[in-house]
Protein chains: 8
Amino acid sequence: KRQGFPEVIYGEGKSIEQIHLIMSKLIEKHGRVMVTRVDKEKGQLLIEAFPLSKYDSVSSILLYGEPKQQFAGEIMVLCAGTSDLFVAEEAAITAEWMGCKVNRLYDVGVAGIDRLLAYRDQITTASVLIVVAGMEGALPSVVGGLVQRPVIAVPTSVGYGAHLQGLTPLLAMLSSCASGMSVVNIDNGFGAAYQATLILKLASEGVNNEITIS
Amino acid sequence: KRQGFPEVIYGEGKSIEQIHLIMSKLIEKHGRVMVTRVDKEKGQLLIEAFPLSKYDSVSSILLYGEPKQQFAGEIMVLCAGTSDLFVAEEAAITAEWMGCKVNRLYDVGVAGIDRLLAYRDQITTASVLIVVAGMEGALPSVVGGLVQRPVIAVPTSVGYGAHLQGLTPLLAMLSSCASGMSVVNIDNGFGAAYQATLILKLASEGVNNEITIS
Amino acid sequence: KRQGFPEVIYGEGKSIEQIHLIMSKLIEKHGRVMVTRVDKEKGQLLIEAFPLSKYDSVSSILLYGEPKQQFAGEIMVLCAGTSDLFVAEEAAITAEWMGCKVNRLYDVGVAGIDRLLAYRDQITTASVLIVVAGMEGALPSVVGGLVQRPVIAVPTSVGYGAHLQGLTPLLAMLSSCASGMSVVNIDNGFGAAYQATLILKLASEGVNNEITIS
Amino acid sequence: KRQGFPEVIYGEGKSIEQIHLIMSKLIEKHGRVMVTRVDKEKGQLLIEAFPLSKYDSVSSILLYGEPKQQFAGEIMVLCAGTSDLFVAEEAAITAEWMGCKVNRLYDVGVAGIDRLLAYRDQITTASVLIVVAGMEGALPSVVGGLVQRPVIAVPTSVGYGAHLQGLTPLLAMLSSCASGMSVVNIDNGFGAAYQATLILKLASEGVNNEITIS
Amino acid sequence: KRQGFPEVIYGEGKSIEQIHLIMSKLIEKHGRVMVTRVDKEKGQLLIEAFPLSKYDSVSSILLYGEPKQQFAGEIMVLCAGTSDLFVAEEAAITAEWMGCKVNRLYDVGVAGIDRLLAYRDQITTASVLIVVAGMEGALPSVVGGLVQRPVIAVPTSVGYGAHLQGLTPLLAMLSSCASGMSVVNIDNGFGAAYQATLILKLASEGVNNEITIS
Amino acid sequence: KRQGFPEVIYGEGKSIEQIHLIMSKLIEKHGRVMVTRVDKEKGQLLIEAFPLSKYDSVSSILLYGEPKQQFAGEIMVLCAGTSDLFVAEEAAITAEWMGCKVNRLYDVGVAGIDRLLAYRDQITTASVLIVVAGMEGALPSVVGGLVQRPVIAVPTSVGYGAHLQGLTPLLAMLSSCASGMSVVNIDNGFGAAYQATLILKLASEGVNNEITIS
Amino acid sequence: KRQGFPEVIYGEGKSIEQIHLIMSKLIEKHGRVMVTRVDKEKGQLLIEAFPLSKYDSVSSILLYGEPKQQFAGEIMVLCAGTSDLFVAEEAAITAEWMGCKVNRLYDVGVAGIDRLLAYRDQITTASVLIVVAGMEGALPSVVGGLVQRPVIAVPTSVGYGAHLQGLTPLLAMLSSCASGMSVVNIDNGFGAAYQATLILKLASEGVNNEITIS
Amino acid sequence: KRQGFPEVIYGEGKSIEQIHLIMSKLIEKHGRVMVTRVDKEKGQLLIEAFPLSKYDSVSSILLYGEPKQQFAGEIMVLCAGTSDLFVAEEAAITAEWMGCKVNRLYDVGVAGIDRLLAYRDQITTASVLIVVAGMEGALPSVVGGLVQRPVIAVPTSVGYGAHLQGLTPLLAMLSSCASGMSVVNIDNGFGAAYQATLILKLASEGVNNEITIS
Ligand SMILES: Nc1ncnc2c1ncn2[C@@H]1O[C@H](COP(=O)(O)O)[C@@H](O)[C@H]1O
Ligand SMILES: Nc1ncnc2c1ncn2[C@@H]1O[C@H](COP(=O)(O)O)[C@@H](O)[C@H]1O
Ligand SMILES: Nc1ncnc2c1ncn2[C@@H]1O[C@H](COP(=O)(O)O)[C@@H](O)[C@H]1O
Ligand SMILES: Nc1ncnc2c1ncn2[C@@H]1O[C@H](COP(=O)(O)O)[C@@H](O)[C@H]1O
Ligand SMILES: [Mg+2]
Ligand SMILES: [Mg+2]
Ligand SMILES: [Mg+2]
Ligand SMILES: [Mg+2]
Ligand SMILES: [Mg+2]
Ligand SMILES: [Mg+2]
Ligand SMILES: [Mg+2]
Ligand SMILES: [Mg+2]
């Protein structure tokens with residue numbers, strides 16, 4: 001029976017003991033586990049406890065085990081610069097661990113449009129695009145206009161003042177004039193990667209339906 | 001070269017003359033056109049001007065021409081009741097016109113969970129799900145927990161008081177604990193259908209990448 | 001003369017000295033006292049000062065003395081998982097200390113509806129239900145649809161981004177389409193338990209009015 | 001099997017035809033029906049179509065049929081003045097139609113505290129209290145301090161400026177320092193009456209649990 | 001020429017050095033100075049530097065020198081309990097230092113209306129009333145209804161959740177149905193005392209205008 | 001025993017019949033009455049019904065009868081221009097009817113500071129100042145800096161966009177750096193005049209307290 | 001002595017009579033006048049009264065007289081499409097009437113970046129740029145990245161749902177990562193043009209300061 | 001080819017290592033660099049690493065190298081007092097480093113209008129004005145009324161309660177009734193200086209356009 005990807009723990013607000021316990025259970029059951037939102041201190045302690053695990057300090061993700069499957073297609077993760085990396089990497093590492101090929105494009109802000117357009121070929125051949133943006137959140141609109149593939153926009157909490165801890169790019173992305181785009185919660189790289197993976201999964205498995213493309 | 005679905009007009013705030021002009025151009029170029037947010041009065045006048053067009057008063061959509069292609073798979077559109085129908089039908093009719101098979105499931109609110117679960121088989125076999133909800137916007141969370149397919153949530157402006165013209169279900173859907181879900185703007189059935197169609201399009205065309213499913 | 005439950009202290013923002021003083025007075029007057037929102041450090045110091053008291057670190061409640069009465073009926077406290085426990089336990093322990101029987105049901109999120117429904121019998125036989133939920137706050141709507149008893153919904157501050165420190169589930173619960181539900185402040189497990197207890201108290205004492213049920 | 005009170009229609013945004021159709025079905029099935037949020041014009045047309053129905057223009061409620069049962073106890077509905085009457089009466093008439101005895105106390109604002117206190121005896125003997133207030137929403141706090149019975153607070157949309165269409169009293173009531181109070185949506189007299197009725201229903205039916213009051 | 005009360009420093013965000021410098025200047029010029037928002041640590045250091053000064057840890061005010069004048073009349077400062085004391089005392093001490101007689105009434109919340117009313121005589125004979133309230137901010141409305149004197153309402157940041165750091169009582173007070181009341185910023189006991197003092201000053205000096213009371 | 005100014009009706013949302021009824025009662029009892037927020041149409045009908053009444057279409061106030069007393073001192077009402085006149089006149093006419101002398105200064109916006117300063121003498125000799133401002137609400141801060149008398153600030157709903165229907169000047173006035181200022185609700189000219197009158201009343205009656213000015 | 005551009009009337013909320021009166025005065029004094037926010041009906045009546053005036057129904061501006069001066073340089077006004085035209089034209093016509101040369105570029109949304117970039121030469125040679133955008137307000141960020149000239153961003157009220165009547169693009173523009181950009185109020189094409197003109201005025205007049213460019 | 005001012009680093013949230021690396025690159029390429037938002041501790045370490053650099057603790061700016069050019073004209077930076085200095089200095093130092101002459105006017109709040117007006121001559125001869133204000137943000141409106149030059153308003157995060165961390169002065173400035181003013185993000189002294197510099201740059205370079213001033 002299909003069960004999705006239950007082997008994920010949301011580490012925020014959980015103690016080392018709680019995470020340790022759940023990890024042990026999930027490793028026993030699934031042979032693998034991913035924990036998001038693990039700060040450096042906890043990460044250090046957990047890789048000591050689970051020597052086979054790996055900790056990534058940019059995304060704050062702790063990984064144990066390998067992808068169980070590989071999906072066809074490619075997810076592109078885009079962002080503007082160094083400050084949004086923690087979200088972009090949460091998305092990228094999650095997607096990889098779930099079995100997707102990921103192409104990172106990380107220095108392409110809208111205020112320097114030429115750099116973004118230099119990668120146009122890669123952008124237009126991606127299967128699904130995760131576009132991470134803080135500040136005013138304009139990048140997804142521009143990317144959405146370049147492609148005919150699903151775009152998942154992720155606002156980030158990076159900014160100040162009128163940025164409202166990410167509410168501003170969140171609302172801006174939802175108001176975007178580019179079609180084919182949807183939005184997840186502020187800083188939710190995980191959620192974007194999860195949905196992107198479900199899309200590749202659908203495409204990989206094939207749709208079990210007789211209607212064929214004309 | 002494929003150019004997406006450019007033959008759509010956003011009718012809100014456009015005069016009959018403006019819509020007439022753009023419709024004529026798009027029909028000439030593409031042989032078809034869809035206009036959203038057309039009120040009854042304008043709809044009446046436009047079907048007189050374009051006798052081959054059809055007007056649907058629930059979704060406020062005016063259609064001219066047929067889908068150019070048919071994509072494999074099936075989009076399920078769910079909502080709770082009569083008040084959200086205008087959004088659900090904007091989604092359903094848009095998706096059909098873009099070439100998708102649509103399965104409507106329209107009387108399934110979370111406060112009567114048994115009715116929703118009675119359709120569990122249909123729900124779990126859909127390729128992509130568009131879940132439309134006003135009030136507190138809880139339906140997508142429940143549906144998201146039932147499936148391993150992408151869920152696109154659409155909050156609606158139906159409610160009052162603490163509902164804040166749809167901001168409340170919008171924020172609630174973004175905060176959902178169900179994975180694999182993303183969100184579009186309030187009442188934006190069109191946007192949800194557009195992205196759902198892009199997903200079926202991707203699955204139909206196949207992903208042009210060598211990695212194969214294990 | 002009946003005086004309600006005056007022997008409760010709201011510990012937040014009070015110094016050890018202030019709490020100590022008020023506790024002493026209330027113990028002298030009522031033989032018992034309950035202090036909510038007591039952090040671990042203060043809790044430790046206070047059980048040293050009052051060796052007959054008990055401190056619960058999940059709910060941050062300090063208890064001294066026993067319920068003065070037992071009300072008929074049963075309050076069910078529901079929540080989705082570990083992160084909302086601190087609120088659920090504030091509700092449960094408060095209700096118990098005020099003289100109510102409490103049934104806890106703590107691992108039943110809406111994104112896994114089957115687990116919730118597995119407890120349907122218990123749910124429908126509860127007299128009053130306190131439903132605690134963070135994130136999008138959808139659980140009370142589902143529970144409210146299952147029962148014909150009063151439901152008191154408690155939003156929690158657990159979430160991030162669009163969750164707005166609990167404002168989002170608060171507004172969502174107020175917009176709920178399930179009837180028979182009312183809402184208390186964010187994280188206010190105490191307030192929910194207090195009202196639930198008043199309901200059982202009313203039912204236990206009987207309504208002093210001649211109209212009889214037909 | 002008991003099914004609650006399904007015979008209620010939310011009239012807002014429904015056409016005469018839609019209401020007529022649902023009314024007919026519900027009358028056939030239950031012998032009675034209540035429609036809320038029916039404006040005067042629709043009300044006039046519907047009493048012509050259903051001569052046995054009654055329309056109340058203050059609460060905008062259309063009634064057909066009588067209560068099926070009478071619950072013991074009494075609900076008191078309080079409000080400050082004429083402008084909140086439409087909500088208070090929505091609550092009062094709903095509660096009566098569901099089988100409750102209702103005591104109205106309608107001219108008792110907090111800025112004239114003596115008038116409120118003149119009714120102290122009646123207030124303290126009510127089984128459940130519904131307190132309706134616009135403006136700053138202070139009345140429920142004062143009433144909540146006078147009684148040891150459940151108080152359900154209903155903020156109204158009556159006010160201007162800083163009142164924010166009722167958001168201000170809504171948030172104020174949720175922040176109240178009076179215990180035993182919960183809150184429903186702005187102008188939701190119906191919801192308050194529904195929960196109050198469930199409380200009297202519980203008290204009337206008796207709690208099926210062996211624990212007895214000490 | 002009279003110049004108001006320039007000898008006040010707002011200590012928040014100023015360093016010890018900055019405060020020391022400004023204090024020295026003001027003492028030299030006016031022979032006295034008051035510093036508000038001085039935390040305990042700074043307070044300790046400043047009374048060492050200025051041995052003739054006094055520091056009050058409840059209001060966080062540092063005083064040097066005496067009132068230059070005494071105004072006729074009396075300001076009553078009211079609040080509900082211990083948590084709002086820091087604001088009430090900021091008001092009371094400011095008013096005293098500016099030359100007003102102050103009557104404190106500090107344990108009179110609206111949820112225990114009898115205690116408030118026990119002081120009715122004192123309340124109605126006050127010249128100006130400063131009413132401090134956190135939570136839902138209902139106290140000024142009740143007090144405003146009891147008197148025919150100016151009421152200045154001060155919302156406080158004491159509360160949680162729907163209280164929005166004091167925005168809720170602020171907006172509630174502005175929406176109050178009691179006449180003769182105005183409002184100052186959240187926690188601004190100083191501002192309330194300043195205006196109250198200006199009122200007594202006006203009354204003390206007499207209005208230089210020929211129109212006489214009938 | 002004096003009871004304040006009970007002979008005022010808030011006309012907003014009341015029908016002609018309701019106003020007529022209350023006016024009759026108040027005229028019978030007090031010999032006079034004032035009705036605020038009366039639109040032109042209602043105003044016309046009411047002066048026909050009460051030929052001795054006067055209707056002012058700028059302030060939307062209906063007056064019947066004369067002031068019962070005259071207070072010493074003078075209230076100055078300031079505003080920037082024609083668009084805020086409806087609020088300024090609500091304040092001015094209310095104050096006059098309650099027995100105050102009013103000095104109007106109506107064309108003095110902060111963006112033309114010289115014009116304001118040209119009236120400096122009048123401004124500094126006023127007993128109480130009501131400062132009405134829409135847009136960014138800066139006028140009260142400037143005026144407050146010119147005087148040592150109480151300033152009551154009234155934000156108005158005149159503006160657009162970032163002005164948020166008056167919330168912006170309301171919040172700005174509350175954040176003002178000028179001391180001695182307090183604020184009333186958006187467009188609440190009546191409330192400002194009421195408090196200003198209470199201040200003159202206090203000054204006129206004299207404070208019944210032995211402390212004398214030094 | 002030059003006094004700026006005093007000969008402008010804000011027509012919103014002013015009656016025909018008021019506008020007529022002020023126009024007459026300004027024409028007498030300056031020989032010219034501009035009225036913004038004049039709806040079609042008023043516009044019709046005013047050109048009848050002032051046959052030498054011209055009314056533009058897109059911008060809702062009424063003009064009388066010619067520019068008094070011509071400034072060197074060129075203002076470019078950009079927007080995405082037909083729905084924002086009313087704001088773009090308010091800016092363009094204002095700037096022209098104040099004496100600036102205006103270059104309009106009106107069909108260049110970010111979701112079709114190639115079209116925008118096709119005009120790159122014109123964009124980079126403009127002296128000042130006014131960028132008008134509704135929806136998510138991303139256009140100014142992209143334009144700001146292309147130029148080294150001042151960019152004035154104007155959010156519009158065109159959009160729905162999460163767009164919050166223009167607050168979303170307003171906040172997004174303020175959070176922009178492009179340097180050299182500032183923002184005016186929602187729909188305030190006039191304000192943007194006014195500041196752009198002041199910039200050209202400064203450049204035209206030359207800065208009266210000895211420091212020279214190196 | 002002209003490249004603007006790329007040699008600026010936004011220091012907030014960057015580690016010493018990251019800043020060190022980028023500084024080295026920019027110094028190599030441009031011979032100079034400016035880093036904003038560098039706290040004292042980082043500043044200390046960086047001047048040790050780059051002995052030729054200078055750190056300013058008021059503005060939190062680290063500078064290396066000299067202006068490459070000097071623009072004609074003068075930027076005036078105004079603010080009310082000590083608490084807004086950190087923003088005013090971010091603006092002033094940025095503008096100087098970019099090649100502008102800056103005139104600081106720092107003790108001129110609106111509540112003491114005479115002090116501001118004492119500098120009227122200087123104010124009216126500035127080429128561009130940057131007006132920094134916390135609290136209610138009224139200063140730019142007054143200054144804007146005094147000059148016929150571009151005013152760039154900068155709201156600050158200095159204030160409390162209704163000030164909403166700077167949102168209140170931000171929205172107030174956007175709603176200002178003074179023409180010729182635009183606004184940047186809260187505390188964004190850098191952005192204001194950048195735009196002001198672009199304006200002087202335009203004026204210094206001269207507009208390459210044939211139209212001449214009449
Ligand atoms: N970074 C993240 N953001 C949002 N949701 C997450 C994140 N990481 C994990 N989750 C979700 O949280 C679930 C686990 O929650 P828990 O049971 O509290 O550990 C996973 O199944 C995911 O759906
Ligand atoms: N109901 C709708 N909601 C949101 N976007 C829409 C809707 N209908 C059409 N659109 C988008 O608007 C574009 C057309 O806009 P316009 O050029 O203004 O007609 C289409 O290409 C769609 O991307
Ligand atoms: N606690 C306070 N809240 C608000 N304003 C205050 C407070 N204390 C002092 N002030 C005002 O701040 C001014 C002094 O500000 P400053 O020059 O920054 O010390 C005084 O004249 C008062 O008007
Ligand atoms: N204090 C500041 N506030 C806003 N933007 C800034 C500030 N300092 C630098 N910047 C901008 O940030 C850019 C550098 O960002 P980064 O590449 O993250 O260092 C610069 O080119 C400026 O446009
Ligand atoms: Mg696209
Ligand atoms: Mg799922
Ligand atoms: Mg139920
Ligand atoms: Mg009570
Ligand atoms: Mg009063
Ligand atoms: Mg003053
Ligand atoms: Mg640029
Ligand atoms: Mg100016």
Side-chain angles (χ1 to χ4, degrees), chain D residues 79-84 107-120 123-124 131 133-148 151 153 155-183, chain E residues 79-84 107-120 123-124 131 133-148 151 153 155-183:
Chain D
C79 75
T82 56
S83 40
D84 297 323
D107 195 13
V108 289
V110 294
I113 202 78
D114 294 322
R115 222 183 111 63
L116 176 71
L117 295 178
Y119 295 91
R120 196 161 188 160
I123 291 171
T124 49
V131 188
M135 316 297 266
E136 79 274 53
L139 188 56
S141 293
V142 177
V143 171
L146 297 175
V147 301
Q148 274 297 315
V151 171
T156 76
S157 56
V158 174
Y160 66 92
H163 172 265
L164 302 178
Q165 282 89 49
L167 260 189
T168 292
L170 172 67
L171 295 170
M173 288 166 177
L174 287 159
S175 304
S176 173
C177 50
S179 313
M181 185 198 306
S182 62
V183 185
Chain E
C79 76
T82 57
S83 39
D84 296 324
D107 194 15
V108 289
V110 293
I113 201 78
D114 294 321
R115 223 182 108 65
L116 177 71
L117 296 178
Y119 295 92
R120 196 162 188 159
I123 292 171
T124 48
V131 189
M135 314 298 265
E136 79 275 52
L139 188 57
S141 294
V142 176
V143 172
L146 297 174
V147 301
Q148 271 300 314
V151 171
T156 76
S157 55
V158 174
Y160 65 92
H163 172 266
L164 303 178
Q165 283 89 51
L167 262 191
T168 293
L170 172 67
L171 295 170
M173 288 166 177
L174 287 159
S175 306
S176 173
C177 49
S179 314
M181 185 197 307
S182 63
V183 185

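Please read these numbers as outputs of a predicted model, since none were measured by experiment. Every chain is numbered from 1, with letters handed out A, B, ... down the list of sequences.
Options E:Leu117, E:Leu170, E:Leu174, E:Val142 differ in how many heavy-atom pairs under 4.5 Å they form with chain D, and the most are formed by E:Val142. Between chain E and the residues D:Leu167, D:Leu139, D:Leu164, D:Asp114, the largest count of heavy-atom pairs under 4.5 Å involves D:Asp114.
E:Leu171 touches chain D through backbone and side chain together, each having a heavy atom under 4.5 Å away. Using a 4.5 Å cut-off between heavy atoms, E:Arg115 makes no contact with chain D at all.
Residue pairs satisfying the side chain to side chain donor-acceptor pair (under 3.5 Å) criterion with at least one member in residues 134-144 of chain D, sequence neighbours excluded, are listed as follows: D:Glu136-E:Ser141, D:Glu136-E:Ser176, D:Ser141-D:Ser176, D:Ser141-E:Glu136.
For the atom pair CD1 (E:Ile113) and CD1 (D:Ile113), the distance works out to 4.0 Å, reported to the nearest 0.5 Å.
The shortest side-chain heavy-atom distance between E:Thr168 and D:Thr168 does not fall under the 4.5 Å cut-off.
Between D:Cys177 and E:Val110 the shortest heavy-atom distance is SG-CG2, 4.4 Å.
No donor-acceptor pair closer than 3.5 Å links the side chain of E:Ser175 to the backbone N or O of D:Met135.
Contacts of E:Ser182 classified as side-chain hydrogen bond (donor to acceptor under 3.5 Å, both in side chains), with partners at least two apart in sequence or in another chain: F:Ser182, F:Gln195.
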